[in-house]
Amino acid sequence: MPIVDLANPSRFLALTARLMPWLIGATVLAFAVGLVMVKGAPDDYQQGATVKIMFIHVPSAWLAMGIWALMAIATFGTLVWRHPLADVAAKAAAPIGAAFTALCLITGMLWGRPMWGTYWVWDARLTSVLVLFLMYLGVIALWRTVEDPSRAARAAAILTLVGALNLPIIKWSVDWWNTLHQPASVVRLAGPAIHPTILMPLLAMAVAFLLLMVTLHLAAMRNEILRRRVRTLMLMQAQAAPGSAS
Amino acid sequence: MAQVQLEGSGLTCVRGGREVFSGLNFAVGGGEALLVTGRNGAGKSSLLRMVAGLVRIAAGRMGLTGGDPERTIPEQAHYLGHQDALKPSLTVAENLEFWSRYLGGAGGAMPALAAVGLDSLAELPAAYLSAGQRRRLSVARLVAVRRPIWLLDEPTAALDRQAQERLSLLMREHLASGGLIVAATHGPVGLDNARELRLGAAA
Amino acid sequence: MAQVQLEGSGLTCVRGGREVFSGLNFAVGGGEALLVTGRNGAGKSSLLRMVAGLVRIAAGRMGLTGGDPERTIPEQAHYLGHQDALKPSLTVAENLEFWSRYLGGAGGAMPALAAVGLDSLAELPAAYLSAGQRRRLSVARLVAVRRPIWLLDEPTAALDRQAQERLSLLMREHLASGGLIVAATHGPVGLDNARELRLGAAA
Amino acid sequence: MSALAALFVREVRLAVRVGGGGGIGALFFLIVVVLTPFAIGPDLALLARIGPAILWLGALLASLLTLDRLLTADLEDGSLDLILMSDTPLELAVAAKAFAHWITTGLPLVVITPLLGLLLNLDAGASAAVALTLFAGTPALTFIGAIGAALSVTLRRGGLLLAVLVLPLTVPVLIFGVAASNAAIVGPVPFGTPFTILCALTLASLVVGTFAAAAALRQGME
Amino acid sequence: MSALAALFVREVRLAVRVGGGGGIGALFFLIVVVLTPFAIGPDLALLARIGPAILWLGALLASLLTLDRLLTADLEDGSLDLILMSDTPLELAVAAKAFAHWITTGLPLVVITPLLGLLLNLDAGASAAVALTLFAGTPALTFIGAIGAALSVTLRRGGLLLAVLVLPLTVPVLIFGVAASNAAIVGPVPFGTPFTILCALTLASLVVGTFAAAAALRQGME
Ligand code: HEM
Ligand SMILES: Nc1ncnc2c1ncn2[C@@H]1O[C@H](COP(=O)(O)OP(=O)(O)OP(=O)(O)O)[C@@H](O)[C@H]1O
Ligand SMILES: Nc1ncnc2c1ncn2[C@@H]1O[C@H](COP(=O)(O)OP(=O)(O)OP(=O)(O)O)[C@@H](O)[C@H]1O
Ligand SMILES: [Mg+2]
Ligand SMILES: [Mg+2]
């Protein structure tokens, strides 16, 4: 399938319509397999069953970071090639990225309560995820402020790219900041080396999350394309309607 | 509605510390239109804003007879200025409906929109309107809410020829129903027997 | 200045996701004026902003021959839109001087102010100007900096009769010196042998 | 009444459409609270100690800085002219606008406060106390801010000028808001005392704010 | 060059005339710093400990919140159209405007910092250190803020949206600004390390800010 065909929104809609049931099926299956494997994983001798939060926490952390990269690539397409689907992809990705980031934060906080005795510490890694979350919210706010999609797309593209430049710097400076003032109360995140009995279910869950993300993203893109069509139709109708004027 | 009569006597206007005009007298009755003319900066807009209660009367007095005695002059007047009082993010219909409800109009917005030929754009955000379409939307306000006094500042600006004609039709209807019009203008507005008030001086 | 010629062919304009016009062709040469007319919302202002490089050309192309080959069309054009590009807290002279220097003009601001009859107000803050006086100040920009292309959006709006005449004088001088004018208008602008480009449709 | 309802609906609609005026205020609040530890350092005990103060300062800034366009936008597009001319009393119009602003901006701040409390290491009770004081106190901020909004219309300036005019007036609200929160968290003063004063301040500023803002608008007329 | 000089002079003139754009920023800074003790309570040791942090947060907010109108005002009165049309490169025009903003807003903040240091119980050396880091860091805030200003032109919104978009990007500047101040005051890190990084961040944001802001303006064209 030549990629040019995919660039056409109608082709995209037709193709994804056929793909969607399979994707949903694959996602459900992957989650079923993953959850069974998780159930089989041993409880931690210290943490007990709470360790199972990790199987949600870690994949969503990976996706939280991955989706910004995806958005950066897509917005590059918006700016450079003015690709018709690129800004749709970027726009659809932002709320999904924010949701996974929120999931990572929430599971982390829920996990932190039994582990550290508090929901939140200003550890470097936690903090940079929080900043990432704020930046997702900023991009979403920007998308929401403008009705004209192509204008919003270009503005959001610049913000996303500047953010992509900045995220490593933020991550690095937050690391610097925290190692400097490190209070004794913070428990280090890096636990003992991961045992295969945990690693395998983790990877399975990661695959399931990835499939979930792809499914959600394609569905959101379809939605966005349809929404834009409705909008265009409304505008055209507004223009064409026989008013008493003409 | 009783026969209304708007009168100003000995009016003085001071803006930004400078006297714009002084000792101005005028009177307009129901069914009459008064065209305020004069050079740029002569004080036409200032006079209209004075009637609308938006510029302080430095000296002299303004009175209305025959109107609703419970309400002030501004409350019985429509003011169509250079600004359109539109919110870009609301649709055309929402904008008009708000003003119609806020100013105490009765009917819905659609008939007024139709009267200015904007009914087909009712659902469009006002941000998308062209200069003339914005102006028409302002004019629709005059139709949506009945008020005896119309204060129009260069009402034909930005309107195309058909819209200008439609506006003068609306003005004639307003006059015929006993209303009065004070309009600042540099050109003809399509009213035959309007009186003229010429303000002197200024560049 | 070589004989300039501005040409657009197959121009399509899309605003807010709606097509305003498409397949539009026009050509204006030095010494010529093109009046763009049409109903409200037909796309007159959009066309002017397109020439000025402020609205994207969705399809078609725009070309200038005979101008300065090192500069783009917008860099050789004056655009007089609905907004006046004035800062209320600067004086009249300061406003004009800034634009004259920013746009690369040579002479001082005073001769240009005199040309529009604002010289007596030079030291006044622009906040104190009336609608027509603001417009005159914008027109002064065209005089202060020489550029071959003038894009005028309803240039006579808010001007009194004398100022309108003075503007048409300036336009004739500009044409005589080999410049060209594209003006969007709903009425006469005081040029005798101007060609007309009529845009169809829209309310 | 219907005129006021129309105004209220318009204001809420504008706030929601324009990219969630309230959402933006809440986001600003969140960001300010998140930035503080970067500046102060990740010392949990210290953060918990000054947590209520940070939350109150953040809410104060978020409330006042979104008030900026409350009236200036209406001045610039000419709506204010028509509002001044209408027979709806100006006081009521100002109150309706300020109330809509509180609903769309102040209330979201209160709602996300418990969440931010977590970040600042406040326990659930303390967060609830701060949220309660904010609920009682943010209307005061909005209505005092309305005075500044009206003054900046008169002066044809916006932005920070408003904050500068109004921030000093909000000192009592800030003091009693933080005091009530701290009383609830660590004592020794009973919560009731400063909280009652806070509520009284709010009631007073509803009245004073409305009348002063309307008066400023009227005076601002040329 | 003369065109840029004219633009710079105009901007400075506007800032000075419009009730002191810079003055307002500095006043806002002052008020935020003065309000903090009201919220935190008059604990002198604590104030001195978090003094640099408060100063940096105040300066951050004062810089960003005054940037709001940097470009929107020009959009609304049509100046931006003419600036886009002119043959002066947009990047240079943006840089000239941002530089003028820093001169009229950032610099006054630096100047009054020693004064505010007194209020926060900082000794002279500490105040000087904070002032120096602000001098090095505020240009970064202005130029990063310019990106937000350009975006909010595109969006035809201003106010807090700008702050919301930009504040997360300023985290590194804040961290190293405070770190350098603290290094100078209490150690143990040598002052040079964070300060060099701060300067590097500033230089980088001069470039990135200018280009990104100009790109946003160009893209924002319809
Ligand atoms: C809100 C709080 C938290 C956040 C934002 C957070 C964030 C992250 C992120 C971003 C990762 C991915 C790191 C990478 O692969 O590069 C991660 C991994 C991980 N997190 Fe968390 N975390 C939080 C709380 C916790 C807690 C409380 C624990 C348990 C003590 C925990 C244990 C782990 C483990 C075991 C991994 C995977 C191992 C690794 O890659 O180092 N996290 N977390
Ligand atoms: N900023 C904008 N965003 C989206 N659509 C716009 C915008 N401005 C104008 N339009 C639409 O483009 C069309 C053409 O507008 P334009 O302003 O060019 O008309 P015009 O011919 O100048 O009309 P007028 O005589 O009223 O000035 C209109 O239908 C209008 O709704
Ligand atoms: N806001 C203001 N502050 C101070 N002075 C003003 C203000 N507006 C107008 N003026 C001054 O008042 C005088 C009259 O202005 P006004 O706007 O009434 O004139 P006008 O007759 O409507 O002119 P135009 O034909 O240009 O619209 C002018 O000399 C002007 O300089
Ligand atoms: Mg006038
Ligand atoms: Mg037009």
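Chain A is the first sequence line, chain B the second, and so forth, proteins listed ahead of strands; every chain is numbered from 1. Below, all heavy atoms of this structure are taken into account, side chains as well, without hydrogens, waters or symmetry copies.
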### Query
Taking all non-hydrogen atoms of both residues, which atom of D:L82 and which atom of B:L103 are closest, and how far apart?
O-CD2, 4.4 Å
### Task
Determine, stepwise, if the pair B:T72 / D:M85 fulfils side chain to side chain contact (heavy atoms under 4.5 Å, CB included).
CA-CA 9 Å; B:T72 62; D:M85 285 173 68; over 6 Å; no
### Message
Shorter than 4.5 Å, heavy atoms on both sides: which option in D:A93, D:S86, D:A73 has the most such pairs with chain B?
### Response
D:S86
### Query
What pairs with B:F98 under ring pair (Phe, Tyr, Trp, His ring centres under 6.0 Å), at least two apart in sequence or on another chain?
B:Y102
### Pair B:R101-D:S2, side chain to side chain contact (heavy atoms under 4.5 Å, CB included): steps then yes or no
CA-CA 7 Å; B:R101 286 186 60 195; D:S2 151; 3.7 Å; yes
### Task
Of all the heavy-atom pairs spanning B:R56 and D:R218, show the shortest one and how long it is.
NH2-O, 4.3 Å
### Query
Taking it one step at a time, do B:L90 and D:L14 satisfy side chain to side chain contact (heavy atoms under 4.5 Å, CB included)?
CA-CA 7 Å; B:L90 300 184; D:L14 282 175; 3.9 Å; yes
### Message
Please classify the contact of D:L7 with chain B as side chain, backbone, both or neither, using a heavy-atom distance under 4.5 Å.
### Response
both
### Query
Do other residues, nucleotides or ligands put more than 12 heavy atoms under 6.0 Å from the CZ atom of D:F8?
yes
### Task
Identify whether the distance between the nearest side-chain nitrogen and carboxylate oxygen of D:D74 and B:K87 falls below 4.0 Å.
yes
### Message
If you count heavy atoms of other groups shown closer than 6.0 angstrom to CZ of B:R161, is the number above 12?
### Response
no
### Message
Quick one, D:D77 with B:D84, criterion side chain to side chain contact (heavy atoms under 4.5 Å, CB included). Give me CA distance, side-chain angles, the key distance, then yes/no.
### Response
CA-CA 6 Å; D:D77 67 13; B:D84 297 305; over 6 Å; no
### Query
So do D:D87 and B:R71 actually touch side chain to side chain, heavy atoms under 4.5 Å?
yes
### Atom pair CD/CD of B:Q83 and D:E76 - distance to nearest 0.5 Å
9.0 Å
### Query
What part of D:I83 gets closer than 4.5 Å to chain B, counting heavy atoms only: side chain, backbone, both or neither?
both
